[in-house]
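Structure first, commentary second.
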Amino acid sequence: MEGFGQLPLLIMMLLAFYLILILPQTRRAKKEKKFISALKKGDMVVTKSGMHGRVLEVNDNNNTCILETMAGKIKFDRSAISLEMSSKIIKK
């Protein structure tokens with residue numbers, strides 16, 4: 001009977017943990033997944049390593065895309081494209 005006084009505190013801590021850590025991460029993951037699936041030819045993107053380029057070709061079979069950079073054409077995995085960095089150059 002004495003332990004039930006701590007139950008509401010535990011529930012509030014778990015709710016705060018969910019709202020502060022888990023919910024924003026899942027929202028970010030959904031936005032990134034939507035961005036990667038919406039890539040099309042001609043989009044300007046930045047990879048997570050900082051490589052800037054324009055999408056030349058998107059291959060849905062193996063989740064890759066070919067980027068045209070100043071160094072030439074480079075094949076990247078679609079998961080290597082950064083949503084945050086790409087959205088900064090799109091706004092300019």
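- Shown here are the side chain to side chain contact (heavy atoms under 4.5 Å, CB included) partners of Leu9, two or more places apart in sequence or in another chain: Met13.
- The same ILVMFWY cluster, assembled from side-chain heavy atoms under 4.5 Å apart, contains both Ile22 and Leu15.
- Among residues two or more places apart in sequence or in another chain, the side chain to side chain contact (heavy atoms under 4.5 Å, CB included) test is passed with Ile74 by Met51, Thr69, Phe76.
- The salt bridge (charged side-chain N to carboxylate O under 4.0 Å, His left out) test applied to Lys30 returns no partner, not counting sequence neighbours.
- Remark: Arg28 pairs with Glu84 by the salt bridge (charged side-chain N to carboxylate O under 4.0 Å, His left out) rule, at least two apart or across chains.
- Not a single side chain to side chain donor-acceptor pair (under 3.5 Å) links Ser86 to another residue, sequence neighbours left out.
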Using a 3.5 Å cut-off and no angle test, enumerate the donor-acceptor pairs between side-chain atoms of residues 32-39 and protein atoms at least two apart in sequence or in another chain.
{"unit_1": "Glu32", "atom_1": "OE2", "unit_2": "Lys48", "atom_2": "NZ", "d": "3.4"}
{"unit_1": "Ser37", "atom_1": "OG", "unit_2": "Lys33", "atom_2": "O", "d": "3.2"}
{"unit_1": "Ser37", "atom_1": "OG", "unit_2": "Lys34", "atom_2": "O", "d": "3.0"}

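- Residues Val45 and Ile66 do not share a hydrophobic cluster, defined by chaining ILVMFWY side chains whose heavy atoms lie under 4.5 Å apart.
- Here Asp77 pairs with Ser79 under the side chain to side chain donor-acceptor pair (under 3.5 Å) rule; sequence neighbours left out.
- Contact record, Asn62 with Thr64: OD1-OG1, 2.8 Å, taken as the closest heavy-atom pair.
- Linking Ile, Leu, Val, Met, Phe, Trp and Tyr whenever their side-chain heavy atoms come within less than 4.5 Å leaves Leu14 and Tyr18 in two separate clusters.
- Met85 is linked by a side chain to side chain contact (heavy atoms under 4.5 Å, CB included) to Val46, Ser82, counting only residues two or more places apart in sequence or in another chain.
- Sequence neighbours left out, the pairs with a member in residues 50-76 that pass salt bridge (charged side-chain N to carboxylate O under 4.0 Å, His left out) are Asp60-Arg78.
- Side-chain contact between Ile89 and His52: present, with at least one pair of heavy atoms (C-beta onward) separated by less than 4.5 Å.
- Here Leu21 pairs with Phe17 under the side chain to side chain contact (heavy atoms under 4.5 Å, CB included) rule; sequence neighbours left out.
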